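To find a chain, count down the sequence lines: A is the first, B the second, and so on, and within it residues start at 1. Note that the structure is predicted; figures quoted are calculated from it, not measured.
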There are 2 protein chains.
Amino acid sequence: MDAVARFPGTREQLLVAARERFAAHGFAGTSLSDIAHDVGIRRPSLLHHFPSKEALYRAVLLDEFTDWISLVDQAKRGPREGWPRAEAILLATFTFFEEHSALVRIFRWEALEGGPILREELAQVLHPLFERAVAFLEREMDAGRLQRHDARNLVLTGYGAILSYFSDAPLITALVEEDPLGPAELRRRRRHVIDFFREALVP
Amino acid sequence: MDAVARFPGTREQLLVAARERFAAHGFAGTSLSDIAHDVGIRRPSLLHHFPSKEALYRAVLLDEFTDWISLVDQAKRGPREGWPRAEAILLATFTFFEEHSALVRIFRWEALEGGPILREELAQVLHPLFERAVAFLEREMDAGRLQRHDARNLVLTGYGAILSYFSDAPLITALVEEDPLGPAELRRRRRHVIDFFREALVP
DNA sequence: CGTTGACTACCTACGGGTAGGTAGATAGCC
DNA sequence: GGCTATCTACCTACCCGTAGGTAGTCAACG
């Protein structure tokens with residue numbers, strides 16, 4: 001039967017532990033023993049639930065992507081055009097990554113080391129999202145509802161402004177006094193991103 | 001005596017090879033055998049020049065930091081205030097990282113995996129640069145020569161806009177058709193960053 | 001009702017590979 | 001002779017994955 005939605009079955013515990021380990025140390029830097037130990041079993045027992053390290057990794061990413069897709073669907077509601085829509089997308093993206101910081105770090109690991117979900121494979125998922133964002137921006141710029149910019153680079157800048165903050169948080173901690181992931185600093189960052197893009201985008 | 005500035009001594013060859021390897025695969029993902037092989041010697045011979053893997057890594061970063069400091073000194077020339085100065089700094093930073101893409105990737109690795117040069121240690125170098133940038137921005141905003149923004153977050157956004165592009169280039173490759181590090185795309189990115197920040201910063 | 005057989009989840013032990021680091025020998029150069 | 005740079009051979013530690021064994025559960029069947 002469906003083994004999901006029981007208490008926290010071993011398999012689900014393993015997925016959570018693996019997500020945190022992969023996010024913290026990347027694919028190559030994570031050992032199956034550590035993950036198994038987090039859950040309180042031995043490594044071979046882990047391999048009873050997932051046939052290989054790579055399979056476990058893919059399962060983790062599949063979980064995260066599911067949440068990601070739900071965000072995209074959710075973004076279909078809300079304002080339809082102009083800056084209000086751009087703002088809504090920025091806000092939703094910020095909030096999503098705020099709540100899925102592990103995904104941010106896994107993305108960065110993938111981009112850097114090219115994990116088993118090779119860059120190409122990951123890019124296949126990101127490509128349509130990227131194209132949709134570019135199309136939206138170009139349409140709004142053509143209509144004069146947004147200031148004209150290089151749409152492709154604009155999307156990259158937007159993602160970078162959000163992703164970098166979360167992925168570089170450990171480094172930023174040593175740069176500023178407050179915890180960059182604390183509620184006050186997160187609010188401050190969110191407002192900055194919105195204000196900054198509005199200043200550049202609203203005609 | 002000073003062993004530098006000979007032809008390309010083995011030590012210097014090792015530093016270059018190590019820089020590329022560490023940038024490509026991070027500290028943990030790089031093996032000394034690979035570095036030694038790049039130079040044409042065996043691993044124990046490498047350890048004759050550098051007592052440990054960590055020592056080699058630190059030597060690489062020291063080299064890069066030297067170039068970085070020279071950039072900061074160089075930035076003291078040029079415009080003194082307002083958007084022209086901000087633009088000059090952005091341009092110099094962009095050009096520097098364009099020419100030191102290995103450093104970009106090593107930075108990202110450090111932020112992610114917390115390499116042997118612990119984040120704190122790296123942050124000690126970055127902290128004064130960060131504070132100086134914040135002070136400049138706040139002074140210019142107070143004087144009304146730049147649009148008001150959250151100075152600290154503005155610096156982070158600026159660095160993110162430049163660093164992310166270079167460090168994520170492998171991923172971006174699969175997102176757009178052209179090579180993001182080719183001359184045309186680099187020119188395009190540079191112009192976008194400048195335009196975007198001018199739009200948000202010029203009063 | 002009791003026994004058998006399949007299944008699940010875990011274990012210990014091992015094999016094959018790779019990592020960083022060390023010891024000691026060798027060859028060339030001042 | 002002494003110093004430098006390199007080598008081969010070795011060590012320990014860790015990795016992933018597999019083999020084989022052991023409890024416990026649960027359903028089917030005589």
Any salt bridge (Lys or Arg N to Asp or Glu O under 4.0 Å) involving residues 127-137 of chain A? Give me the pairs, sequence neighbours left out, ordered by first then second residue. none

Can you list the residues that meet the ring pair (Phe, Tyr, Trp, His ring centres under 6.0 Å) rule with Y165(B), with sequence neighbours excluded? none

E98(B): what forms a salt bridge (Lys or Arg N to Asp or Glu O under 4.0 Å) with it, not counting sequence neighbours? R190(B)

Got a sec, which residues hit salt bridge (Lys or Arg N to Asp or Glu O under 4.0 Å) with R148(A), two or more places apart in sequence or on another chain? D142(A)

Just by distance, do the side chain of K53(A) and the backbone of L47(A) share a donor-acceptor pair under 3.5 Å? no

Per the end-axis method with five pairs at each terminus, what is the bend angle of the helix from dC1(C)-dG30(D) to dC30(C)-dG1(D), to 10°? 20°

Residues forming a ring pair (Phe, Tyr, Trp, His ring centres under 6.0 Å) with F136(A), sequence neighbours excluded: none

Between the protein and nucleotides 24-27 of chain C, list every N/O to N/O distance that falls short of 3.5 Å.
none

Are any of the side-chain heavy atoms of L91(A) and V193(A) separated by less than 4.5 Å? no

Tell me whether H37(A) at atom NE2 has more than 12 heavy atoms from other residues, nucleotides or ligands lying less than 6.0 Å away. no

Show the atom names and distances, to 0.1 Å, of all donor-acceptor pairs under 3.5 Å that link a side chain in residues 80-88 of chain B to residues at least two apart or in another chain.
residue	atom	partner	partner atom	Å
R80(B)	NH1	K76(B)	O	3.1
R85(B)	NH1	A75(B)	O	3.3
R85(B)	NH1	P79(B)	O	3.1

With the criterion being N/O to N/O and under 3.5 Å, what pairs connect the protein with nucleotides 6-10 of chain C, and how long is each?
residue	atom	partner	partner atom	Å
dC10(C)	OP1	T10(A)	OG1	3.4
dC10(C)	OP2	H49(A)	NE2	2.7

Protein N or O to nucleotides 12-16 of chain D N or O, pairs below 3.5 Å:
residue	atom	partner	partner atom	Å
dC15(D)	OP1	S31(A)	OG	3.4
dC16(D)	OP1	T30(A)	O	3.3
dC16(D)	OP1	L32(A)	N	3.0
dC16(D)	OP1	K53(A)	NZ	3.3
dC16(D)	OP2	L32(A)	N	3.2

Enumerate donor-acceptor pairs with a distance under 3.5 Å from any side-chain N or O in residues 151-162 of chain B to protein atoms, sequence neighbours excluded.
residue	atom	partner	partner atom	Å
R152(B)	NH2	E185(A)	OE1	2.9
N153(B)	OD1	R189(A)	NH1	3.0
N153(B)	ND2	D150(B)	OD2	3.0
T157(B)	OG1	R189(A)	NH1	3.1
T157(B)	OG1	R189(A)	NH2	3.2
T157(B)	OG1	H192(A)	NE2	2.8
T157(B)	OG1	N153(B)	O	2.8

Which class fits the ring pair F96(B) and W68(B): parallel under 30°, tilted 30 to 60°, perpendicular over 60°? perpendicular

Counting only pairs under 3.5 Å, give me each side-chain donor-acceptor contact of residues 174-181 of chain A, with atom names and distances, residues two or more places apart or in other chains.
residue	atom	partner	partner atom	Å
D179(A)	OD1	L181(A)	N	3.0
D179(A)	OD2	G182(A)	N	3.3

